Peer 1: 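A single structure is presented below for examination.
We use all heavy atoms of the structure for the numbers below, so side chains are in, but hydrogens, waters and symmetry mates are not. In listed order, ligands and their atoms are each counted from 1. As the structure is a computational prediction, the values presented were derived from the model and not from experiment.
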Amino acid sequence: MFELEGRTALVTGAGQGVGAGIAELMARQGAVVAVNDVVAERAEAVVERIRAAGGAAHVLPFDVTDRAAAGPAVRGFERRAAPVDILVNNAGNGGAEGFRPTRFRDADPAEWQRFAEVNLFGVMNTTRAVLDGMCARRYGRIITIASGAGVQGLGFGVSLYGAAKGGAIAFTRHLAMEHARDGITANSVAVGLIDPAASGRQADKTAAMAKAIPVGRLGTPEDIGAVCVFLASREAEWITGQTWQVNGGQPTT
Ligand SMILES: NC(=O)c1ccc[n+]([C@@H]2O[C@H](COP(=O)([O-])OP(=O)(O)OC[C@H]3O[C@@H](n4cnc5c(N)ncnc54)[C@H](O)[C@@H]3O)[C@@H](O)[C@H]2O)c1
C-alpha cells in the first residue's frame, strides 16, 4: 500500500527542511522525484542524497514566484523525463529572503506582497504549470503545504504569512472541487512547528514552544513526508478538498 512506483512527483522548495523530507520519502516509496528549489545547489544536494539511497531524482530549479519561468521549466522537465503526477507545493515561509516575524502594524506594505508571492501565487504558478497535463491524463495529486497560521489567529507577527497560507488553503479547496471529476485530488497540510535543525537553523525560541505541543516534541520533515506519501497515493483518491492539521495535537481553535 501507498506505493508511488511509476509516479513522478514535483516537490517545490525541496532543497532543505520539510520539502527535502517529503522528496526523500516519496523517492523511498518508488516515485521519481523532481527536486525544485530557487537555490539550485540545495536541490542538487538533495538529488544526490536520494540517488545515494537508491532512489530516482532530478534537479529542477526555478523560482515558483516567477510564472513565466515555472511553465517552461515544468514542460521542459516533462519532455525530458516524465509527466508530473504529484505536485507538492512546499516552497513558502518567507521565501528566498527568509522569515522575520513582523506584526501587521509594523510591516512595510512591500512585505504584504512578498509573503503572498511565495505562499499563494507560488502555489498557483506551479499548479497552473502541471494542471493541463493532469487533466489530460485524468490523474493528479496536488498537495499544498500550509500552516497552522493559515487557519488560526496567532499574536506573534505572522499575520502576513497567515493571510497568504489561508489563501493557499482556500485556493486548494476550490481547485479540488473544480477538478473532482478529473481524477485529481487537492488537499492542504496545515503544518505545526517543525524542528529548525531540519532547515539547518539554530534551535531558537521554538525549543520553549515545543513544551506546549501535546505530543511533547517539535515536528520533523518525516512527519510531514509520511502524510504527503499517503495523500499522493492511489489509495487516497477519496480524500479531496481537505485541510489536515499535522501539528503534534495542538488545538487550532
Ligand atoms: N518550519 C516550520 O516550522 C513550518 C511550520 C508551518 C509550515 N511550514 C511550511 O512548510 C514549508 C517548508 O518550510 P521549511 O521550514 O522547511 O522551509 P525552509 O525555509 O527551511 O526551506 C524552504 C526552501 O524553499 C526554497 N524556496 C524559497 N523560496 C522559493 C521560491 N520562490 N521558489 C523555489 N524555492 C524556494 C528555499 O531556498 C528553501 O530551500 C513552507 O511552505 C512553510 O511555510 C513550515
Peer 1: Select the closest option to atom 30 (C) of ligand 1 among Val189, Thr144, Asp63, judged by heavy-atom distance.
Peer 2: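 Ranked by closest heavy atom to atom 30 (C) of ligand 1, first place is Asp63.
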Peer 1: Using a 4.0 Å cutoff against the non-hydrogen atoms of Val18, which atoms of ligand 1 qualify?
Peer 2: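 Those qualifying, in numeric order: 12 (C), 16 (O).
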Peer 1: Would you mind running through ligand 1 and noting each atom that sits below 4.0 Å from a heavy atom of Gly17?
Peer 2: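 The atoms of ligand 1 under 4.0 Å from a heavy atom of Gly17 are 16 (O).
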Peer 1: Find the distance between CZ (Arg28) and CD (Glu222) and round it off to the nearest 0.5 Å.
Peer 2: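 With rounding to 0.5 Å, CZ (Arg28) is 7.0 Å from CD (Glu222).
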Peer 1: Give yes if a backbone or side-chain nitrogen or oxygen of Val118 is under 3.5 Å from a nitrogen or oxygen of ligand 1, and no if not.
Peer 2: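 The answer is no, given that Val118 and ligand 1 share no N or O pair closer than 3.5 Å.
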Peer 1: Could you state whether Met177 and Ile142 fall into the same hydrophobic cluster, counting links through intermediate Ile, Leu, Val, Met, Phe, Trp or Tyr residues with side-chain heavy atoms under 4.5 angstrom apart?
Peer 2: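 Different clusters: Met177 never reaches Ile142 through Ile, Leu, Val, Met, Phe, Trp or Tyr contacts under 4.5 Å.
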Peer 1: For Asp182 and Arg138: C-alpha separation, side-chain torsions, deciding distance, then whether salt bridge (charged side-chain N to carboxylate O under 4.0 Å, His left out) applies.
Peer 2: CA-CA 5 Å; Asp182 293 328; Arg138 302 198 60 75; 3.6 Å; yes
Peer 1: Scan for ring-ring contact (aromatic ring centres under 6.0 Å, His included) pairs involving residues 38-78, sequence neighbours excluded, and state none if there are none.
Peer 2: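 Residue pairs passing ring-ring contact (aromatic ring centres under 6.0 Å, His included), neighbours aside: His58-Phe77.
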Peer 1: With atoms numbered from 1 as shown, which atoms in ligand 1 lie under 4.0 angstrom from a non-hydrogen atom of Ser147?
Peer 2: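 So the answer, numbered in order with elements, is 6 (C), 7 (C).
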Peer 1: Using heavy atoms and a 4.0 Å limit, tell me yes or no: is Ala20 in contact with ligand 1?
Peer 2: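 Contact absent.
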Peer 1: Under 6.0 Å between ring centres: does that hold for Phe121 and Phe115?
Peer 2: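 Centroid separation for Phe121 and Phe115: 6.0 Å or greater.
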Peer 1: Check whether any heavy atom of Glu117 sits under 4.0 Å from an atom of ligand 1.
Peer 2: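 The answer is no: ligand 1 sits nowhere under 4.0 Å from a heavy atom of Glu117.
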Peer 1: Which ligand 1 atoms are under 4.0 Å away from a heavy-atom of Asn93?
Peer 2: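 Counting from 1, the qualifying ligand atoms are 13 (O), 14 (P), 15 (O), 17 (O), 18 (P), 19 (O), 40 (C), 41 (O), 42 (C), 43 (O).
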Peer 1: Could you list which atoms of ligand 1 come closer than 4.0 Å to a heavy atom of Ala146?
Peer 2: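 Listed by number with element, the hits are 7 (C).
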Peer 1: Taking the six-membered ring for Trp, are Phe230 and Trp244 parallel (under 30°), tilted (30 to 60°) or perpendicular (over 60°)?
Peer 2: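 Phe230 vs Trp244 ring planes: parallel.
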Peer 1: Can you tell which of Val191, Leu25, Ile143 makes a side chain to side chain contact (heavy atoms under 4.5 Å, CB included) with Ile224?
Peer 2: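 So, applying the side chain to side chain contact (heavy atoms under 4.5 Å, CB included) to Ile224 and each of Val191, Leu25, Ile143, only Val191 qualifies.
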Peer 1: When you measure from atom 24 (O) of ligand 1 to each heavy atom in Gly13, Ala149, Gly92, which option holds the nearest one?
Peer 2: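 Shortest heavy-atom distance from atom 24 (O) of ligand 1: Gly13.
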Peer 1: When you check the gap from the basic side-chain N to the acidic O, do Arg100 and Asp106 get nearer than 4.0 Å?
Peer 2: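 No, Arg100 and Asp106 are not salt-bridged.
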Peer 1: Heavy atoms only: which of Val38, Thr126, Ile22 is nearest to atom 33 (C) of ligand 1?
Peer 2: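 Going through Val38, Thr126, Ile22 one by one, Val38 has the nearest heavy atom to atom 33 (C) of ligand 1.
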Peer 1: Do any N/O atoms on Val64 end up under 3.5 angstrom from N/O atoms on ligand 1?
Peer 2: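 Yes: some nitrogen or oxygen of Val64 is under 3.5 Å from one in ligand 1.
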Peer 1: List the steps and the verdict of side-chain contact (heavy atoms from CB on, under 4.5 Å) for Met26 and Ile86.
Peer 2: CA-CA 10 Å; Met26 287 195 165; Ile86 300 161; 4.0 Å; yes
Peer 1: Show me which atoms of ligand 1 lie under 4.0 Å from any heavy atom of Phe62.
Peer 2: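 So the answer, numbered in order with elements, is 32 (N), 33 (C).
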Peer 1: Out of Thr127, Thr12, Asn125, which one pairs with Asn89 under the side chain to side chain donor-acceptor pair (under 3.5 Å) rule?
Peer 2: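 Option passing the side chain to side chain donor-acceptor pair (under 3.5 Å) with Asn89: Thr127.
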Peer 1: Return the CD to CG distance between Glu237 and Leu231, rounded to the nearest 0.5 Å.
Peer 2: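 Reported to 0.5 Å precision, the distance equals 13.0 Å.
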Peer 1: Can you find an N or O of Ile194 that's nearer than 3.5 Å to an N or O of ligand 1?
Peer 2: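 Looking only at distances, the answer is yes, because the N/O contact criterion of under 3.5 Å is met.
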Peer 1: Determine, for Tyr139 and Arg7, whether the Lys NZ or Arg CZ falls below 6.0 Å from the six-membered ring centre while staying within 45 degrees of the axis.
Peer 2: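 Cation-pi check for Arg7 and Tyr139: passes.
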Peer 1: Before signing off on this row, confirm whether Ala14 and ligand 1 have an N or O atom pair separated by under 3.5 Å.
Peer 2: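 No, there is no polar N/O contact under 3.5 Å.
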Peer 1: When rounded to the nearest 0.5 angstrom, what distance separates OG1 in Thr240 from CG in Asn187?
Peer 2: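 Thr240 atom OG1 to Asn187 atom CG measures 5.0 Å (nearest 0.5 Å).
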Peer 1: Should you measure from each heavy atom of Tyr161, which atoms of ligand 1 turn up under 4.0 Å away?
Peer 2: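 Near Tyr161, meaning under 4.0 Å from one of its heavy atoms, ligand 1 has 6 (C), 7 (C), 8 (N), 9 (C), 42 (C), 43 (O).
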Peer 1: With a cut-off of 4.0 Å, which atoms of ligand 1 are near a heavy atom of Val39?
Peer 2: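 What qualifies from ligand 1 is 37 (O).
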Peer 1: Please state which part of Pro196 comes within less than 4.0 Å of ligand 1, counting heavy atoms only: side chain, backbone, both or neither.
Peer 2: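 Neither part.
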Peer 1: Is Phe99 close enough to touch ligand 1? Criterion: a residue heavy atom under 4.0 Å from a ligand atom.
Peer 2: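 Phe99 does not count as a contact of ligand 1 under the 4.0 Å cut-off.
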Peer 1: Is ligand 1 under 4.0 Å from a heavy atom in the side chain of Asn36, in the backbone, in both, or in neither?
Peer 2: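 Asn36 to ligand 1: side-chain contact only, backbone stays beyond 4.0 Å.
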Peer 1: Among Gly15, Gly192, Gly148, Ala168, which residue places a heavy atom closest to atom 4 (C) of ligand 1?
Peer 2: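 The residue whose heavy atom sits nearest atom 4 (C) of ligand 1 is Gly192.
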Peer 1: Heavy atom of Thr65 under 4.0 Å from ligand 1?
Peer 2: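 Within the 4.0 Å threshold, so yes.
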